Amino acid sequence: DRSFPYATSPPDKLLGGLLPDGLDERSCRSRYESSMYRRNPGRRPSPLLIAKLRKHEELQRRCGPNTNAYNLAIEQLRAGKSAGSPECKYVVSISYRGLGNRILAAASAFLYAVLTERALLVDPSNKMDELFCEPFPGTTWLLPRDFPLASYTNFSIDTAKSYGNMLRNKVLSADAPPAELPAFAYLHLDHDYGHEDKMFFCDDDQRLLSNVQWLVMRTDLYTVPGLFLITAFQEELDALFPERDAAFHHLARYLFYPTNHVWGLVTRYYRAYLARADLRVGIQVRNFDPRHAQSPHVLRQITSCVWREKVLPEVLATGEHAAPATPGAARSTAVLMTSLRPWYYERIKGMYWDHATATGEDVSVHQPSHEGQQQFGKRSHDGRAWAEMYLLSLCDVLVTSGWSTFGYVAQGLGGVAPWVLHKQPANLTAAPDPPCFRDVSMEPCFHAPHVYDCKMKRGLDTGEVLPHVRHCQDVSWGLKLV
Ligand code: GDP
């Protein structure tokens, strides 16, 4: 329908009840406006998920910063002792590394907080406050700057108070009485984590952790498939997410909305370059190896993927033309490319200018930025990355780069199972064949899962335990919900 390039009306502002009513619309325009820009209305949240989110919002208000319960909990933390039965318990989420990793980490910490009835507080030091709107009405999810744990942002695999190290050094044992537990434990769930850290994914350890008032979690991973493997959580997860392949989809659309500045970047670009096309195709090119920043093999990989899978029309030989088109009558496709470099975009754009398409369709190609390389802690860089992820999520069809969390976030927000470009081997001599595959679900991949049978205390292929937790196609040892 060319007359209405935006959502099919009327847009469902609260996404079927996923979003709470009563958040201020002006301070976060994206939350209520994004449904107008999305053609794909997405999956419907289950009534139980909706009810659980409303209950959790109430918990966040009761336990959040500036409440009596929070002040008491901070006193316990200063005293170093676990409270008997505290009114509120907490997960502090430290997210770091690239923006995709940070989003997956915060979504994972949030689901863990919901399942364990803890308030989630996110470490503000990584621009979380400048990029994302506050998700919970009437309170903040940002950890106050005067949080008393010394240098918690530097916690690492070597931190003595990590759960893994406390187990290893026998400071803690799984049968410790609650009164002897420390006031906090650091959960190191990072890609480099060790065997004892991974005990986090065992039922006995969850039982023990449930009595620790403060958990400080650092992860750069999407740990949600791991939570589905913990028996104690399974019944509730099944009820909350009857469609398991939409877990991140719902979590992301609940939690992550661009702040007004970033929303301006998204909407101005969308309206100027994408809105009027009949079809929007997003292509995310992530080169993990700098040698592939300008590779004819990777270029061929992209074009053979989109042509083989009929994502874009093929081009004719120079000088050839399809049946003469009446101006304005041909179907138009807008391609949104995102990449740190301009090279692939320039080649593909040039190809569709130099050559006619076999179908007579018009193809325009756009790339908002080319930042050159990943940068850390720079505001405008992160804002652009977030805007581009969001723009990709507004596309009708997606082609992403395997292994990239940047693409995972876009596909989850958009509710689209992407075509995935195989990661290129270092010594690339030809385009990978086949160039891409269709992902089985829109879920992100958990890149570093545990491979342990908690009951039998031996190694286990965790991709073979549940029918809906399988190995990923892009990262073969990873796990994803299907
Ligand atoms: P991953 O490394 O691909 O898993 O994705 P991350 O988002 O975690 O980290 C990559 C970071 O590099 C992003 O957060 C951006 O800062 C930057 N980056 C990578 N690709 C792009 C892109 O296409 N556009 C922009 N603007 N930034 C990108």
Side-chain angles (χ1 to χ4, degrees), residues 93-109 126-128 130-132 190-192 218-223 248 252 256 258 261-262 264-266 268-270 273 281-290 292-294 298 302 335-346 348-349 365-395 398-414 418 420-424 439 443-448 472 474-475 478 480:
S93 164
I94 309 171
S95 41
Y96 78 122
R97 298 185 78 209
L99 186 61
N101 294 95
R102 272 179 270 163
I103 290 177
L104 298 184
S108 305
N126 238 321
K127 303 275 177 294
M128 298 298 279
E130 292 174 23
L131 297 170
F132 304 103
D190 212 44
H191 65 281
D192 68 353
R218 178 196 287 281
T219 185
D220 56 352
L221 299 164
Y222 180 65
T223 58
F248 179 69
F256 303 113
H261 169 71
V262 178
L265 302 181
V266 173
R268 283 188 293 276
Y269 202 90
Y270 185 90
Y273 300 105
V281 174
I283 303 182
Q284 181 236 353
V285 182
R286 178 84 166 108
N287 304 119
F288 289 101
D289 189 327
H292 299 155
Q294 307 191 5
V298 176
I302 299 167
V335 179
L336 171 77
M337 292 193 64
T338 73
S339 175
L340 284 168
R341 313 227 171 224
W343 197 79
Y344 296 103
Y345 150 73
E346 282 164 359
I348 293 173
K349 183 187 170 93
V365 184
H366 315 275
Q367 181 169 311
S369 76
H370 44 86
E371 293 278 284
Q373 55 194 327
Q374 180 167 357
Q375 297 161 39
F376 291 98
K378 209 173 117 193
R379 182 173 173 218
S380 63
H381 175 78
D382 283 342
R384 278 185 207 130
W386 181 210
E388 286 172 35
M389 265 181 216
Y390 213 91
L391 280 164
L392 283 171
S393 83
L394 299 176
C395 290
L398 279 181
V399 178
T400 59
S401 294
W403 287 70
S404 172
T405 61
F406 193 100
Y408 293 164
V409 172
Q411 74 204 36
L413 280 171
V420 183
L421 298 165
H422 288 282
K423 192 178 180 197
Q424 304 88 15
D439 211 331
E443 275 284 303
C445 179
F446 176 19
H447 284 180
C472 316
D474 58 339
V475 180
K480 82 187 267 159

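Hydrogens, waters and symmetry mates play no part in the numbers below; they use all other heavy atoms, side chains included. Counting starts at 1 for both ligands and their atoms, following the listed order. Quick caveat: nothing in here was measured; it's all calculated off a predicted structure.
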At what distance is the nearest protein heavy atom to [atom], and which residue and atom is it?
| atom | answer |
| --- | --- |
| atom 9 (O) of ligand 1 | G98 CA, 3.4 Å |
| atom 24 (N) of ligand 1 | E388 OE1, 2.7 Å |
| atom 12 (O) of ligand 1 | Q374 CG, 3.4 Å |
| atom 10 (C) of ligand 1 | R286 NH2, 3.4 Å |
| atom 20 (N) of ligand 1 | L340 CG, 3.8 Å |
| atom 13 (C) of ligand 1 | F406 CD1, 4.0 Å |

Is there a side-chain contact between [X] and [Y] in this structure, where contact means two heavy atoms from C-beta onward sitting under 4.5 Å apart?
| X | Y | answer |
| --- | --- | --- |
| R286 | L340 | yes |
| S404 | F288 | yes |
| F406 | L392 | yes |
| L131 | R102 | yes |

How does [X] reach ligand 1, if at all, at less than 4.0 Å between non-hydrogen atoms: by side chain, backbone, both, or neither?
| X | answer |
| --- | --- |
| S401 | neither |
| S339 | backbone |
| H381 | side chain |

Margin query: Is it true that, when you exclude H191 itself, more than 12 heavy atoms of the residues, nucleotides or ligands shown sit nearer than 6.0 Å to its NE2?
Written below: yes
Check: Should one rank L99, D220, T405, L104 by closest heavy-atom distance to atom 4 (O) of ligand 1, which comes out on top?
Finding: T405
Item checked: From the candidates D382, N101, V285, the one that places a heavy atom nearest atom 8 (O) of ligand 1 -> N101
Next item on the list: Can you label the angle between the Y273 ring and the Y269 ring as parallel, tilted or perpendicular, going by 30° and 60°?
Entry: tilted
Notebook entry, point to check: So, S369 versus E388: side-chain donor-acceptor pair below 3.5 Å or not?
Noted result: yes
Next item on the list: Could you tell me if any non-hydrogen atom of Y408 lies under 4.0 Å from any atom of ligand 1?
Entry: no
Is [X] close to ligand 1, meaning an N/O of one under 3.5 Å from an N/O of the other?
| X | result |
| --- | --- |
| E371 | no |
| Q284 | no |
| G100 | yes |

Next item on the list: Identify which one of F446, Y408, F248 satisfies the ring pair (Phe, Tyr, Trp, His ring centres under 6.0 Å) criterion when paired with Y222.
Entry: F248
Check: Are R97 and D220 close enough for a salt bridge, meaning some N to O gap below 4.0 Å?
Finding: yes
